[in-house]
Amino acid sequence: FFFPTGKRPKSTIPSNMSEWHRNVEIAKTRADLVGVCRLRYSVYVDELKRDNYAHLNNAERILEDPLDHEDGVVNLFVRAPGDDGDADADVGLLAGCARIHVPVPEKYHEMFGIGDAGLFPGAGPDDFAFFSRFMVAAKFRGRNGATESIYERCYVQARQMGAKYLLLNCSPSLATVYENRGWVRYKHTHWDGNMGMTLPMCLPIEETAFLGSLGTFSIIPVELRAASSASGDGGPEGVPKGEWLTHTLTRFEAPLVSSRFCTPEIIQNFILQRISVEELNQVPLFSDTTSPERMAFLQSAGSCVPFIRVKAGDSISLVGEVRDEAFLVLSGRVRAEYGDTLLGFAGVGALIGEKAFLSGAKRAMAVRAEEDVEMLVISRITFKKAMVKSPEVAVKFLFNVACCLSRSYSDNMARMHAEIEALHEASAQPSLVLSSNNWRTLRDNNDNGEETGDKRNMLAEVVKKGNAVLHKMSMLDMKATLNWSHKTRTQKCRQLNRN
């Protein structure tokens, strides 16, 4: 499967591959594609609770988008072969799927930097393949070769189709999963209307020495892996680097590319160049932890947790999103918003999104980069692996996150009490009195989105004066009105995301 540039003969599956590899197929019929799309739906919606994608078909429980039907697209899937002790009930079940597109659709060129000679010197549009919709059913993850077989077959397929670079965009929490298989970060994050903040990553297909040194590609000849391993000293300086990786590492610091090129000392120096030890000690997440404990936690995901860059003005999260990562700001400044209301700013040392990432709740506010920002990504995957590898360290960090949540809850309660007191004081000198009946009319009659006549004027007056008095309103009416307001804003945000 490895041949000189320009010579790409058709390949066959080696005889020594497992039954999983033999069971990888190309979706050729409508029934094949529907099965793939149903697996996507079960992962995205049933498991990850991400129900805001534009191409969901809830009636048929499929996730199918226009890219599935474009020229140059290959959908691959693998079924459980029934070997390695699988239960009979699992035999033939669709276990994993992925999609390859060569060349990459033009609408994704900006996201990936295709055509940017600074990122990919000398590369043309046909040198790139787009790798997407890669997922494995929960019951088959981490065993029996389901993940490896579909992943490796996609790699072979991309080479057969003439690609030199295999590109994907994933959520930051999954960066270490792909990094452990040879993908690297090479540019800033990208905001996707359906997926939210994503991280473009690249696998240099033809840098076989680098890929062979990872030991994760069973389709790379054993002798190539041995030669690659023997050529290095085991440290980051000894990792084989081809022309493109060498070029990328001259543009970005190693921790912003891959932890494969880093030692703990490099990671620690990278962090301390951006945030001092004193500032780091003040970060609630790192409270009462030592430097070795922090490094043990950061490396618990199998490689160091990723560092990402976000351009000024780009979004980091939206109201209503469900994500499984939090972010520690290392440089720059971010702003928090709810609708058109600015809630505040946060700078170096701020931890963003810890409540939603730990509980799986929807994001309560929107966050965007006020300046160019560098952040450290802390995911639920990191915590879970830390519990296995370094349970004593993981307990400390979980305790610190719990303290953050407790303080946040107390602060919110204090602000709520202050606002209630302010309402009581304003009621003594009302500038606008709305009766309980008026508020019910405004609330109930606007559920259909209409804001006409008296209702619109009433709402405009409330917004204009700002100190409207909820006069003669019961607590039940107040709660119902606030719930209606939040529901309306959330629906509008979802509609904007879909558009």
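Values below: every heavy atom of this structure, side chains too, minus hydrogens, waters and symmetry copies.
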Engineer: Indicate every side-chain donor-acceptor pair of residues 106-116 with a distance under 3.5 Å to a residue at least two apart or in another chain.
Structural biologist:
unit_1: His109; atom_1: NE2; unit_2: Val104; atom_2: O; d: 3.1
unit_1: Asp116; atom_1: OD1; unit_2: Gly118; atom_2: N; d: 2.8

Engineer: Step by step, would you call Ile100 with Leu166 a side-chain contact (heavy atoms from CB on, under 4.5 Å)?
Structural biologist: CA-CA 9 Å; Ile100 296 291; Leu166 191 53; 4.0 Å; yes
Engineer: Quick one: salt bridge (Lys or Arg N to Asp or Glu O under 4.0 Å) pairs with a partner in residues 62-78, sequence neighbours left out?
Structural biologist: Arg30-Glu64, Arg40-Asp68, Asp65-Arg99, Asp65-Arg133, Asp68-Arg99
Engineer: Compare every heavy atom of Gly349 with every heavy atom of Val283, then report the nearest pair and how far apart it is.
Structural biologist: CG2-O, 3.6 Å
Engineer: Please find the pair of heavy atoms, one from Met161 and one from Gly72, that lie closest to each other, and give the distance.
Structural biologist: CE-O, 3.4 Å
Engineer: Can you list the residues that meet the salt bridge (charged side-chain N to carboxylate O under 4.0 Å, His left out) rule with Asp46, with sequence neighbours excluded?
Structural biologist: Arg61
Engineer: Between CG of Leu168 and CG of Leu199, what distance do you get to the nearest 0.5 Å?
Structural biologist: 8.5 Å
Engineer: How long is the straight-line distance from CZ of Phe120 back to NZ of Lys187, given to the nearest 0.5 Å?
Structural biologist: 9.0 Å
Engineer: Please identify each residue that fulfils salt bridge (charged side-chain N to carboxylate O under 4.0 Å, His left out) with Glu47, with sequence neighbours left out.
Structural biologist: Arg141
Engineer: Run the side-chain hydrogen bond (donor to acceptor under 3.5 Å, both in side chains) test against Ser291 and tell me which residues pass, sequence neighbours left out.
Structural biologist: none
Engineer: Output, in order, the C-alpha distance, side-chain angles, deciding distance and verdict of side-chain contact (heavy atoms from CB on, under 4.5 Å) for Asp314 and Met197.
Structural biologist: CA-CA 9 Å; Asp314 281 1; Met197 184 173 66; over 6 Å; no
Engineer: Is there side-chain contact between Cys97 and Asn75, with heavy atoms separated by less than 4.5 Å?
Structural biologist: no
Engineer: Answer whether the closest heavy-atom distance between the side chains of Pro200 and Leu167 falls below 4.5 Å.
Structural biologist: no
Engineer: If we ignore hydrogens and angles and just use 3.5 Å, is the side chain of Glu207 paired with the main-chain N or O of Trp244 as donor and acceptor?
Structural biologist: yes
Engineer: Could you measure the distance from the CD1 atom of Ile352 to the CD1 atom of Ile316? Nearest 0.5 Å is fine.
Structural biologist: 5.0 Å
Engineer: To the closest 0.5 Å, what do you measure between CG (Leu328) and CZ (Arg274)?
Structural biologist: 12.5 Å
Engineer: Heavy-atom distance under 4.5 Å between the side chains of Ile266 and Phe261, does that happen here?
Structural biologist: no
Engineer: Where do Phe210 and Gly182 come nearest, in terms of heavy atoms and distance?
Structural biologist: CE2-O, 3.4 Å
Engineer: Could you name each residue pair satisfying salt bridge (Lys or Arg N to Asp or Glu O under 4.0 Å) that touches residues 283-298, not counting sequence neighbours?
Structural biologist: Glu293-Lys396
Engineer: Using every non-hydrogen atom in the two residues, find where Ser149 and Ala146 come nearest and quote the distance to one decimal.
Structural biologist: OG-O, 3.0 Å
Engineer: Could you pull out all residues at least two apart from Trp183 that satisfy side-chain hydrogen bond (donor to acceptor under 3.5 Å, both in side chains)?
Structural biologist: Tyr151
Engineer: Applying side-chain hydrogen bond (donor to acceptor under 3.5 Å, both in side chains), name anything that partners Ser287, two or more places apart in sequence or on another chain.
Structural biologist: none
Engineer: Under a 3.5 Å distance rule, please check whether Asn23 uses its side chain to pair with a backbone N or O of Val78 as donor and acceptor.
Structural biologist: no
Engineer: Validate the cation-pi geometry between Arg309 and Phe252: distance from NZ or CZ to the six-membered ring centre under 6.0 Å, angle to the ring axis within 45°.
Structural biologist: yes
Engineer: Output the distance between atom CG (Leu76) and atom CG (Asp32), rounded to the nearest 0.5 Å.
Structural biologist: 11.0 Å
Engineer: Side chains of Phe327 and Ser317: does their closest heavy-atom pair fall under 4.5 Å?
Structural biologist: no
Engineer: Would you please indicate if the ring centroids of Phe286 and Phe297 are separated by under 6.0 Å?
Structural biologist: no
Engineer: Check the pair Val45 / Leu56 against side-chain contact (heavy atoms from CB on, under 4.5 Å), numbers first and verdict last.
Structural biologist: CA-CA 9 Å; Val45 180; Leu56 290 178; 3.7 Å; yes
Engineer: Not counting sequence neighbours, which residues clear ring-ring contact (aromatic ring centres under 6.0 Å, His included) with Tyr41? List them please.
Structural biologist: none
Engineer: List the atom of Pro172, the atom of Ile308, and the distance in Å for their closest heavy-atom pair.
Structural biologist: CG-CD1, 4.4 Å
Engineer: Donor-acceptor check, side chain of Tyr155 to backbone of Ile205, threshold 3.5 angstrom: yes or no?
Structural biologist: yes
Engineer: Quick one, Leu376 and Phe270 - any side-chain contact, counting heavy atoms below 4.5 Å?
Structural biologist: no
Engineer: Looking only at heavy atoms, which two atoms of Ala129 and Val102 are closest? And how far apart?
Structural biologist: CB-CG2, 3.4 Å
Engineer: Has Glu374 got a side-chain atom pairing as donor or acceptor with Phe307's backbone, closer than 3.5 angstrom?
Structural biologist: no
Engineer: Any non-hydrogen side-chain atom of Phe140 less than 4.5 Å from a side-chain atom of Leu93?
Structural biologist: yes
Engineer: Using the rule given for salt bridge (Lys or Arg N to Asp or Glu O under 4.0 Å), can you reason through Arg185 versus Glu179, listing the C-alpha separation, both sets of side-chain angles and the distance that settles it, and then say yes or no?
Structural biologist: CA-CA 8 Å; Arg185 290 158 273 140; Glu179 184 178 306; 2.7 Å; yes
Engineer: For the pair Phe131 and Tyr178, name the ring-plane relationship: parallel under 30°, tilted 30 to 60°, perpendicular over 60°.
Structural biologist: perpendicular
Engineer: Among all residues two or more places apart in sequence or in another chain, which pass the ring-ring contact (aromatic ring centres under 6.0 Å, His included) test with Phe77?
Structural biologist: none
Engineer: Run the side-chain hydrogen bond (donor to acceptor under 3.5 Å, both in side chains) test against Ser171 and tell me which residues pass, sequence neighbours left out.
Structural biologist: Ser173
Engineer: Any side-chain heavy-atom pair from Leu33 and His69 closer than 4.5 angstrom?
Structural biologist: yes
Engineer: If only atom types and distance count, is the side chain of His101 paired as donor or acceptor with the main-chain N or O of Pro103 below 3.5 Å?
Structural biologist: yes
Engineer: Quick one: does Thr289's side chain get under 4.5 Å of Asn400's, heavy atoms only?
Structural biologist: yes
Engineer: Let me see the working for Arg181 and Glu148 under salt bridge (Lys or Arg N to Asp or Glu O under 4.0 Å), right down to the final yes or no.
Structural biologist: CA-CA 10 Å; Arg181 295 182 174 276; Glu148 289 76 11; 3.3 Å; yes
Engineer: What's the separation between atom CG in Leu330 and atom CG in Leu280, rounded to the nearest 0.5 Å?
Structural biologist: 8.5 Å
Engineer: Going by the rule salt bridge (charged side-chain N to carboxylate O under 4.0 Å, His left out), which residues pair with Glu337 if we only count those two or more places apart in sequence or in a different chain?
Structural biologist: Arg335, Arg368
Engineer: Could you walk me through whether Arg260 and Asn180 satisfy the side-chain contact (heavy atoms from CB on, under 4.5 Å) test, starting with their C-alpha distance in whole Å, then the side-chain angles of each, then the deciding distance to 0.1 Å, before giving a yes or no?
Structural biologist: CA-CA 8 Å; Arg260 293 287 177 182; Asn180 287 333; 3.6 Å; yes
Engineer: Short question: side chain of Ser259, backbone of Cys262 - any donor-acceptor pair under 3.5 Å?
Structural biologist: no
